[in-house]
Amino acid sequence: MDEKNISAENSFEKKPKNFIYEIIEEDIKTNKWNGRVHTRFPPEPNGYLHIGHAASICLNYGIARDFNGKFNLRFDDTNPEKEEVEYVESIIEDVKWLGGDFEDRIFYASDYFEQMYNWAVELIKKGKAYVDDLNPDEIRKYRGTLTEPGKESPYRNRSVEENLDLFERMRKGEFKNGQKVLRAKIDMASPNINMRDPIMYRIVHAEHHRQGNKWCIYPTYDWAHGIEDSIEKITHSICTLEFENHRPLYDWFLNELGVYHPQQIEFARINLNYTVMSKRKLLKLVQEKFVDGWDDPRMPTVSALRRRGYTPEAIRNFTDNSGIAKRDKVSDISLLEFSIREDLNKSAQRAMAVLKPLKVVITNYPENKTEELEAVNNPEDSSMGTRKIPFSREVFIEQTDFMENPPKGFHRLIPGGEVRLRYAYIIKCEEVIKNKDGEVIELHCTFDPETKSGTGTSQKKVKGTIHWVSANHSISAEVRLYDRLFSVEEPDADKEKDFLELLNPNSLEIISNALIEPSLKDSKPGTRFQFERHGYFCVDTKFTTKEKLVFNRTVTLKDSWGNKTK
RNA sequence: UGCCGGGUCGUCUAAUGGUAGGACUACGCCCUUUGGAGGCGUCUGCAGAGGUUCGAAUCCUCUCCCGGCAGCCA
């Protein structure tokens with residue numbers, strides 16, 4: 001091939017998406033893995049997945065898809081005390097929902113325990129691992145500090161035979177938790193603390209969610225993870241930055257074993273402002289009932305985002321736009337919100353809902369008349385068609401759409417002013433009815449029959465168009481409005497205050513008597529709508545009953561007027 | 001004062017020795033029967049100092065700042 005052809009071909013190549021794609025493209029060029037690409041997502045089933053995990057799933061699955069490779073789901077279930085079947089099940093559901101297609105490749109690290117044990121025996125025989133009798137406290141002291149080398153355990157130089165015997169007896173259950181560990185024999189003076197004879201096995205007498213009581217010794221992350229990757233013939237083992245210091249150890253184990261050796265690559269995890277991402281803190285919010293579960297719509301978990309009305313597409317776009325790099329980052333929540341607005345604007349059916357109703361009587365409209373008005377289901381997508389909305393003499397509008405003493409620039413209803421009722425007529429406010437406390441409780445208006453929507457006969461122009469529902473036809477629903485869970489940008493960053501003190505007390509507002517148009521009556525849980533001029537809403541899957549629809553607000557519409565008045 | 005990794009608009013991310021660009025946000029304007037959507041525009045950035053070079057965000061040196069690591073967690 002001559003140079004011209006090469007450059008012609010190159011001009012069709014897409015620019016690598018990020019530094020990991022660059023590495024993989026280079027590997028393909030040099031045939032490092034015989035052209036194979038095989039990634040994995042290796043969660044520990046000790047909690048629900050959050051948006052950060054979603055980024056990892058999208059990255060790993062996306063790589064497999066883009067390079068015609070494979071993607072595994074693998075549970076890193078090496079710690080029976082923290083792991084549960086509930087978490088396994090939720091993780092499978094979430095990965096699938098996000099579009100991470102692992103086909104039939106769902107694996108469990110615990111299925112490799114026998115192989116891991118045998119390889120540990122091999123290392124003992126090579127003189128590269130030993131059983132240590134030091135207790136946890138002693139081990140910590142012997143490890144040294146960040147600036148001082150550690151010292152060797154007095155048990156470090158046991159004979160191979162003794163180590164073999166002790167290790168076998170560890171497995172048999174002859175010792176108590178913490179009594180003995182198996183350690184790799186590397187270098188107690190290493191500047192990398194992870195290399196100071198790291199622990200490979202600890203004794204844990206606990207029931208494992210898949211293995212039951214078969215094992216009482218469990219491998220540590222460092223020992224187990226490379227083996228899991230190796231067994232599955234992973235090519236690129238992608239993990240987060242905090243494992244960078246562990247890479248020498250990952251490599252050491254695989255080299256000593258002389259087995260298939262994937263490449264570990266680290267990238268910066270995604271953080272989001274106004275929330276927390278650590279599983280420990282999320283668990284605390286759940287356990288101490290600050291939220292109604294892992295899927296409370298205010299949580300940053302995948303199941304919460306789903307319940308709130310996010311689409312997999314929006315989450316994928318968000319993680320794509322957040323980018324993959326090595327510098328620490330805190331992504332702005334507004335980018336997440338942008339991604340769901342962008343998606344739902346194109347796909348969500350429009351509807352009218354009045355959250356805080358104000359009664360309007362149209363005095364010149366016949367008492368018993370009902371009109372069926374035509375409304376567009378989605379102005380962005382005419383294939384979604386139209387629907388009929390009933391209109392009658394009494395309607396409800398939004399309390400905030402009327403002001404007796406409006407500020408400059410207010411386009412809605414004012415005494416003596418006119419406004420269009422969406423898809424209906426232009427009305428004029430003739431009289432304001434108040435209660436004895438001076439609160440506005442009702443408006444008397446007149447309508448102009450010449451201004452019916454869609455007739456094209458109206459010469460009249462008004463600045464504002466507001467939404468409404470017919471008093472006799474609307475149905476009641478519960479609407480839940482969510483705001484950010486925390487009132488500060490980085491709840492983790494404050495060293496003075498516990499993150500629980502920084503919770504936003506107004507993160508949930510429940511409106512129990514909102515009025516919605518009758519076409520929404522039989523909406524199925526999970527269905528998404530745009531309530532015009534309010535935002536996107538989703539029928540809640542947890543609290544909706546046959547008697548009552550409950551809507552979650554996914555995100556507000558952008559509101560340039562509201563911003564101005566703040 | 002150990003080791004490892006990072007510093008590009010407010011946020012996120014490109015440019016890999018050759019015009020610092022995009023997205024989000026914010027703010028204007030236009031348009032609009034959703035104050036939505038859409039269109040157009042504006043603001044703001046290479047941590048600092050030297051050096052190499054015709055030319056540096058990019059290469060080198062020093063400084064500063066930030067993050068991770070001392071679980072029998074992952």
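Each chain gets a letter, A, B and so on, in the order the sequences are listed, and its residues count up from 1. Only a predicted model underlies this, so the values are computations on that prediction, with no experimental measurement involved.
Rounded to a whole angstrom, the distance from the C1' atom of B/A20 to that of B/U63 is 25 Å. Nucleotides B/U32 and B/G10, compared at atom C1', are 30 Å apart to the nearest Å. Going from the C1' atom of B/C59 to that of B/C46 covers 16 Å, rounded to whole Å. Straight-line distance between the P atoms of B/G35 and B/G68: roughly 46 Å, to the nearest whole Å. On the C1' atoms, B/U25 is 12 Å away from B/U44, given to the nearest whole Å. If you take atom P in B/G55 and the same atom in B/G50, they sit 15 Å apart, rounded to whole Å. Separation of the P atoms belonging to B/A14 and B/G51 is 31 Å when rounded to the nearest angstrom. Comparing B/C9 with B/A47, their C1' atoms are spaced 14 Å from each other, to the whole Å.
Looking at heavy-atom distances under 4.0 Å, A/Y218 makes no contact with the nucleic acid at all. The residue A/S322 sits close only to the backbone: its heavy atoms come under 4.0 Å of sugar-phosphate atoms, none of a base. Counting any heavy atom pair closer than 4.0 Å across all strands shown, A/Q530 reaches a base atom. Across all strands, A/D222 comes closer than 4.0 Å to no nucleic acid atom at all (heavy-atom distances). Contacts of A/R143 with the nucleic acid, taken as non-hydrogen atoms under 4.0 Å apart, involve only primed sugar atoms and P, OP1 or OP2. Using a 4.0 Å heavy-atom criterion, one finds that A/F410 contacts the bases of the nucleic acid, with or without backbone contacts as well. Across all strands, A/R327 comes closer than 4.0 Å to base atoms (heavy-atom distances). Residue contacts shown for A/I324 are limited to sugar-phosphate atoms, with no base heavy atom under 4.0 Å away. In this structure, A/G409 reaches the bases: a heavy-atom distance under 4.0 Å links it to at least one base atom across the strands shown. Residue A/N192 is out of contact with every strand shown, counting any heavy-atom pair closer than 4.0 Å. Nucleic acid contact class of A/V204 (heavy atoms, under 4.0 Å, all strands): none. Within 4.0 Å (heavy atoms only), A/P379 reaches at least one base atom of the nucleic acid. Using a 4.0 Å heavy-atom cutoff across all strands shown, A/L134 reaches at least one base atom of the nucleic acid. Counting non-hydrogen atoms under 4.0 angstrom, A/R412 reaches a base of the nucleic acid.
Rounding to the nearest 0.5 Å places CD of A/E22 at 10.5 Å from CD1 of A/I20. To the nearest 0.5 Å, the span separating CZ on A/R412 from CE on A/M403 amounts to 9.0 Å.
A perpendicular orientation is assigned to the rings of A/F537 and A/H534, their planes being inclined by more than 60° (bins at 30° and 60°). Below 30°, between 30° and 60°, or above 60°: for A/F551 and A/F529 the angle between ring planes is above 60°, a perpendicular geometry. Ring planes of A/Y117 and A/F167: parallel class, angle under 30° (limits at 30 and 60°). Between A/F447 and A/Y425, the angle of the ring planes goes over 60°, which puts this pair in the perpendicular group of the 30/60° scheme.
Where A/R202 and A/E22 meet RNA chain B, the nucleotide closest to each residue was compared, and A/E22 sits on the side nearer the 5' end. Comparing A/Y423 and A/E44 along RNA chain B, the residue whose closest nucleotide (by nearest heavy atom) sits nearer the 5' end is A/Y423.
Checking side-chain atoms of A/E44 against main-chain N and O of A/E83 turns up no donor-acceptor pair under 3.5 Å. In terms of modelled atom types and a separation under 3.5 Å, the side chain of A/N72 and the main chain of A/R74 share no donor-acceptor contact. A donor-acceptor pair under 3.5 Å is formed between the side chain of A/N177 and the backbone N or O of A/H205.
Looking only at atom types and distance, the side chain of A/E342 has no donor-acceptor partner in the side chain of A/S339 under 3.5 Å away.
Judged by the 6.0 Å distance and 45° axis criteria, A/K281 is positioned over the aromatic ring of A/F499.
With respect to the salt-bridge test (charged N to carboxylate O, under 4.0 angstrom), the residues A/E138 and A/K141 do not qualify. Taking the charged nitrogens against the carboxylate oxygens, A/E232 and A/R40 have no contact shorter than 4.0 Å, which rules out a salt bridge. For A/R156 and A/D197, the salt-bridge test passes: some basic side-chain N is under 4.0 Å from an acidic carboxylate O.
Close approach of RNA chain B to chain A, defined as any atom under 4.0 Å from a non-hydrogen atom of the protein, starts and stops at B/G2 to B/A74.
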Under a 3.5 Å cutoff on both atom distances, Watson-Crick or G-U, what's the dot-bracket for RNA chain B ([ ] crossing, | other strand)? .((((((..((((....[..)))).(((((.......)))))....(((((..]....))))))))))).....
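The glycosidic torsion of B/G71 lies within 90° of 0, placing the base in the syn range.
The stretch residues 336-353 of chain A comes close to RNA chain B through A/F338, A/N345, A/R350, each having a heavy atom under 4.0 Å from the strand.
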